[in-house]
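Working notes, beginning with the structure itself.
We number each residue from 1, following the sequence as shown.
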Amino acid sequence: MDAKVLERFPAGSPRGSWPAEEYAARRRAQGEPATVVMDLRSDAFLVVVPARDED
């Protein structure tokens, strides 16, 4: 599956803070199928959506 990265968030957020999940939830509320994935190489959470053919 190809995906488009909408936003990156460092994995070292303060305890109890989930900025990637909050951002993805706002995008889902707008009708976009946003998902959070972990990029182990960069130690960051990525908010992604499925890539469209025209992207």
Side-chain angles (χ1 to χ4, degrees):
M1 177 184 138
D2 290 328
K4 177 181 177 184
V5 177
L6 298 178
E7 193 68 52
R8 303 178 153 278
F9 295 90
S13 297
R15 182 173 284 181
S17 175
W18 298 91
E21 290 290 347
E22 293 164 358
Y23 180 82
R26 287 192 302 273
R27 298 303 290 246
R28 286 191 297 267
Q30 295 172 353
E32 204 158 8
T35 305
V36 177
V37 297
M38 178 71 182
D39 179 11
L40 295 174
R41 288 186 184 179
S42 67
D43 194 31
F45 291 105
L46 309 177
V47 178
V48 300
V49 294
R52 297 186 186 131
D53 290 336
E54 68 267 9
D55 287 346

> Shortest non-hydrogen contact from Ala34 to Val47?
Replying inline: CB-CG1, 3.9 Å
> Looking at Arg8 and Ser42, what are the two nearest heavy atoms and their distance?
Replying inline: NH1-OG, 3.6 Å
>> Between Val36 and Phe9, is there a side-chain heavy-atom distance shorter than 4.5 Å?
In response: no
> Do Glu32 and Leu6 touch side chain to side chain, with heavy atoms closer than 4.5 Å?
Replying inline: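 Touching, per the 4.5 Å side-chain cut-off.
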> Given the rule in the side chain to side chain contact (heavy atoms under 4.5 Å, CB included) test, do Arg27 and Val49 qualify, once you have shown the distances and angles that lead to the verdict?
Replying inline: CA-CA 10 Å; Arg27 298 303 290 246; Val49 294; over 6 Å; no
>> Let me confirm one number: the CD-CZ distance from Glu7 to Arg26, rounded to the nearest 0.5 Å.
In response: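 Glu7 CD to Arg26 CZ: 9.5 Å, rounded to 0.5 Å.
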>> Using the rule given for side chain to side chain contact (heavy atoms under 4.5 Å, CB included), can you reason through Asp43 versus Met38, listing the C-alpha separation, both sets of side-chain angles and the distance that settles it, and then say yes or no?
In response: CA-CA 7 Å; Asp43 194 31; Met38 178 71 182; 3.4 Å; yes
>> Please say yes or no: joined through hydrophobic side-chain contacts below 4.5 Å, possibly via intermediate residues, are Tyr23 and Trp18 part of one cluster?
In response: no
